[in-house]
Chemist: 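Starting off with a structure, shown below.
Side chains are part of it too, since the values below use all heavy atoms of this structure and drop only hydrogens, waters and symmetry mates.
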Amino acid sequence: MSENSHDSGSTPATATGPTHAPAPRAWVAPLISTIVTLPTGLVALFVGGLTPMACDSCNGAAADRFDASFTTAWTVLCVGLVLAVIVLVAAWAVPHQLRYAARRVGLALTAPTVVGVTFVAFMALVDWP
């Protein structure tokens, strides 16, 4: 007699097909993404933090334009880096099953791409002296 004999066979069978099997190397893509994304994001944050020194000798209208553009660009950089971390956490959080492998790899590739696009947007938004 089975443990669930009171169900009389009404419980659905769990899926055991090849797509529901655990992925043996599900951690590889998020790990590589973490190794690339975090240092790249820290370098982008460091360069962004040093950017105000580019206009140390500026005065008048050039300084005002730089300050206004830097404020917007800094906000874009910070929001983009937070978004990259969220995508990276999502890559780790995807279930370790074969059917989610493409989604996991896609998120793992998206995280460093977000950092790169964010940094390019930051550099483009700053009105350099």
Chemist: Find the distance between CD1 (I32) and CG (L109) and round it off to the nearest 0.5 Å.
Modeler: 9.5 Å
Chemist: Can you see which heavy atom on F70 is nearest to which on G48, and at what distance?
Modeler: CE1-O, 3.5 Å
Chemist: Please check if L31 and V28 belong to a single hydrophobic cluster, counting links between Ile, Leu, Val, Met, Phe, Trp and Tyr side chain heavy atoms closer than 4.5 Å.
Modeler: yes
Chemist: Are F46 and M53 connected, step by step, through hydrophobic side chains (Ile, Leu, Val, Met, Phe, Trp, Tyr) whose heavy atoms are closer than 4.5 Å?
Modeler: yes
Chemist: Can you find a heavy atom in the side chain of L38 that is under 4.5 Å from one in the side chain of L88?
Modeler: yes
Chemist: Grab the two heavy atoms, one from T118 and one from G80, that are nearest each other, plus how far apart they are.
Modeler: OG1-CA, 3.4 Å
Chemist: Kindly determine whether W74 and T51 satisfy side chain to side chain donor-acceptor pair (under 3.5 Å), including the steps that lead there.
Modeler: CA-CA 10 Å; W74 182 255; T51 299; over 6 Å; no
Chemist: Is it the case that one hydrophobic cluster holds both L83 and L45, taking links as side-chain heavy atoms less than 4.5 Å apart, direct or via other members?
Modeler: no
Chemist: Are L77 and V82 linked, directly or through intermediate hydrophobic residues, by side-chain heavy-atom contacts shorter than 4.5 Å (ILVMFWY only)?
Modeler: no
Chemist: For the residue pair W92 / T34, report whether a side-chain donor-acceptor contact shorter than 3.5 Å exists.
Modeler: yes
Chemist: Hydrophobic cluster membership, with links at side-chain heavy-atom distances under 4.5 Å among I/L/V/M/F/W/Y: are F119 and V87 in one?
Modeler: no
Chemist: Looking at V36 and P112, what are the two nearest heavy atoms and their distance?
Modeler: CG1-CB, 3.9 Å
Chemist: I'd like to know if the side chain of R104 and the backbone of P95 have a donor-acceptor N/O pair within less than 3.5 Å.
Modeler: yes
Chemist: Counting distance only, does the side-chain N/O of S33 pair as donor-acceptor with the main-chain N or O of A108 below 3.5 Å?
Modeler: yes
Chemist: Any idea which heavy atoms bring P129 and C58 closest together, and the distance?
Modeler: CB-SG, 3.4 Å
Chemist: Quick check for you: to the nearest 0.5 Å, what is the distance between R25 atom CZ and L98 atom CG?
Modeler: 10.5 Å
Chemist: Can you see which heavy atom on V94 is nearest to which on L107, and at what distance?
Modeler: CG2-CD1, 3.6 Å
Chemist: In Å and rounded to the nearest 0.5 Å, what is the CG to CG distance from D127 to D67?
Modeler: 10.5 Å
Chemist: Using every non-hydrogen atom in the two residues, find where G49 and P52 come nearest and quote the distance to one decimal.
Modeler: O-CD, 3.2 Å
Chemist: Just wondering, are more than 12 heavy atoms of other shown residues or ligands nearer than 6.0 Å to CH2 in W128?
Modeler: yes
Chemist: After noting the C-alpha distance and the side-chain angles of V126 and S69, does the key distance pass the side chain to side chain contact (heavy atoms under 4.5 Å, CB included) rule?
Modeler: CA-CA 5 Å; V126 173; S69 67; 4.3 Å; yes
Chemist: Going from OG1 on T40 to CD1 on I35, what distance comes out if it is rounded to the nearest 0.5 angstrom?
Modeler: 11.5 Å
